[in-house]
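Heads up: the structure comes next, in structure tokens.
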2 protein chains.
Amino acid sequence: MSSRGRPVATSPAQIEAAAFRLFAERGFEAVTMSEIAAEVGVGRRTLFRYFESKNDIPWGQFDQTLEHFRAILRELPQDRPVHEVVQQGVLAFNEFDPAAEPPHRERMRLILETPTLQAHSVLRYAEWRSVIAEYVAERLDLRPDDLLPRTAGGVALTLAISAYEAWLEDPAADLADLLTATMSALRSYLAD
Amino acid sequence: MSSRGRPVATSPAQIEAAAFRLFAERGFEAVTMSEIAAEVGVGRRTLFRYFESKNDIPWGQFDQTLEHFRAILRELPQDRPVHEVVQQGVLAFNEFDPAAEPPHRERMRLILETPTLQAHSVLRYAEWRSVIAEYVAERLDLRPDDLLPRTAGGVALTLAISAYEAWLEDPAADLADLLTATMSALRSYLAD
DNA sequence: TATCTTTGTGGCGCTCGGTGCCATTAGTGT
DNA sequence: ACACTAATGGCACCGAGCGCCACAAAGATA
């Protein structure tokens, strides 16, 4: 609790804010870590202590939300089929305060429209997928790395990304509606 | 037809072979482009004229196979539901001569087990997904970037990757069986 | 107040992927 | 022999990322 040693010079949130400012101006690729460091008023070397890589900056505190995701799935009524609970969980996980929508849109636009970040995202989403895989495995008495749970995780992710892409294309769209619509699309595709 | 100018010093296939030799010895990350160049007996600069990046080397001639994939979908009997034709297409696309299995396994192991390549793969697979999206769109009279075709492409990819992961885990497994099993897993997951 | 300990900072130097530039090389055609 | 053409590969440069380490700024102790 007592803060010994040299006090911190910045915070993840501050770096994130500065970086987003520059990304918005010139695009992700055109901004260097040195420039972000200068904008924050901190050494370049220090940035790498707050974020593992430049690619991780747009993701912000995503990791910390995974425990929340697990809790959501745990606390949802469990008397429904697995896939329904998962779908409800995904919906709940992607609910947010309307005031937070504009920055969230910017973040997701950056992540989904920058090739480097599209690629990197597969690594960031790995744990998200496995949250689902673990839940599905537990419900169906399987192992998380069995074919079905793993596939369920992958499909859930793909559906969510499709929904987000559509959401970014339409400024008026509602994300929850699109998540539902994507699942419907899959069902009608598989129905014949 | 007539070969004017300086003759080529190497070929994509030769570079690929040399690179795989080194990757097998020391792992993907530990091998530098300079070392691959030396192994081929060519300048480092030249490698970048044959492959856009180090990440692209394990993918070999994947791009050229996409036209083949399109042809497969086109030539399959079209009197079945879209999703069935897509599934048949994916099966046909992943058929190969038994003799070619060991190198194919090595290639896929590299791609699916190296984090950098896992990430990069999302970019390489984009066109593969859109082959499916375009086919589905055409069959259902939609646009390729509509929700359903895009989701179909994404789901097909996720299923294929799940199948490949399982295939890599079991040396005796048959890929076609696993592709079928993955689709069954999805159906039973969504059934309830 | 002076010193010790703790902890974050940030400069330096390096590696590696990737790119633009351009002189050179090794062929073919006249 | 000479022009033409196209691939090669060296060189210099940039940016991400990392190991190392001296240093700064706080609290604790005496």
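Every chain is numbered from 1 and lettered A, B, ... according to where its sequence line falls, protein lines coming before strand lines.
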I'd like a list of close polar pairs between nucleotides 22-24 of chain D and the protein, N/O only, cut-off under 3.5 Å.
residue, atom, partner, partner atom, Å
dA24(D), O4', R6(A), NH1, 3.3

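Legend: ring-ring contact (aromatic ring centres under 6.0 Å, His included) pairs involving residues 160-184 of chain B, not counting sequence neighbours, sorted by first then second residue: H104(B)-Y164(B), H104(B)-W167(B), Y164(B)-W167(B). Applying the side-chain hydrogen bond (donor to acceptor under 3.5 Å, both in side chains) definition to pairs two or more places apart or across chains, those involving residues 8-17 of chain A are T10(A)-Q14(A), E16(A)-R107(A). Each ring-ring contact (aromatic ring centres under 6.0 Å, His included) pair with one or both residues in residues 24-56 of chain B, not counting sequence neighbours, appears once here: F23(B)-F28(B).
In terms of position on DNA chain D, the residue among G5(A) and T10(B) whose nearest nucleotide sits closer to the 5' end is T10(B).
A donor-acceptor pair shorter than 3.5 Å can be found between the side chains of T158(B) and T158(A).
Qualifying salt bridge (charged side-chain N to carboxylate O under 4.0 Å, His left out) partners for E127(A), counting only residues two or more places apart in sequence or in other chains: R70(A). With sequence neighbours left out, the salt bridge (charged side-chain N to carboxylate O under 4.0 Å, His left out) criterion links E29(A) to no other residue.
Non-hydrogen atoms lying under 4.0 Å from DNA chain D are contributed by V42(B), G43(B), R45(B), T46(B), R49(B), Y50(B), all within residues 36-54 of chain B.
Between the CZ atom of R4(A) and the P atom of dA28(D) there is a distance of 6 Å, given to the nearest Å. The distance from atom NE2 of H120(A) to atom P of dG17(C) is 19 Å, rounded to the nearest whole Å. We find that CD1 of I57(A) is positioned 12 Å from C1' of dG17(D), with the value rounded to whole Å. The distance between atom CD of E35(B) and atom P of dC16(C), rounded to the nearest whole Å, is 7 Å. Across the protein-nucleic acid pair, N55(A) atom CG and dG15(D) atom P stand 16 Å apart, rounded to whole Å. Regarding M33(B), its CE atom lies at a distance of 14 Å from the P atom of dG9(D), rounded to whole Å.
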Could you list the donor-acceptor pairs under 3.5 angstrom formed between side-chain atoms of residues 59-66 of chain B and any protein atom two or more places apart in sequence or on another chain?
residue, atom, partner, partner atom, Å
D63(B), OD1, R124(B), NH2, 3.0
T65(B), OG1, F62(B), O, 2.5

Contacts table for residues 142-149 of chain B: side-chain donor-acceptor under 3.5 angstrom, sequence neighbours left out:
residue, atom, partner, partner atom, Å
R143(B), NH2, D146(B), OD1, 3.1
D146(B), OD2, R143(B), N, 2.9

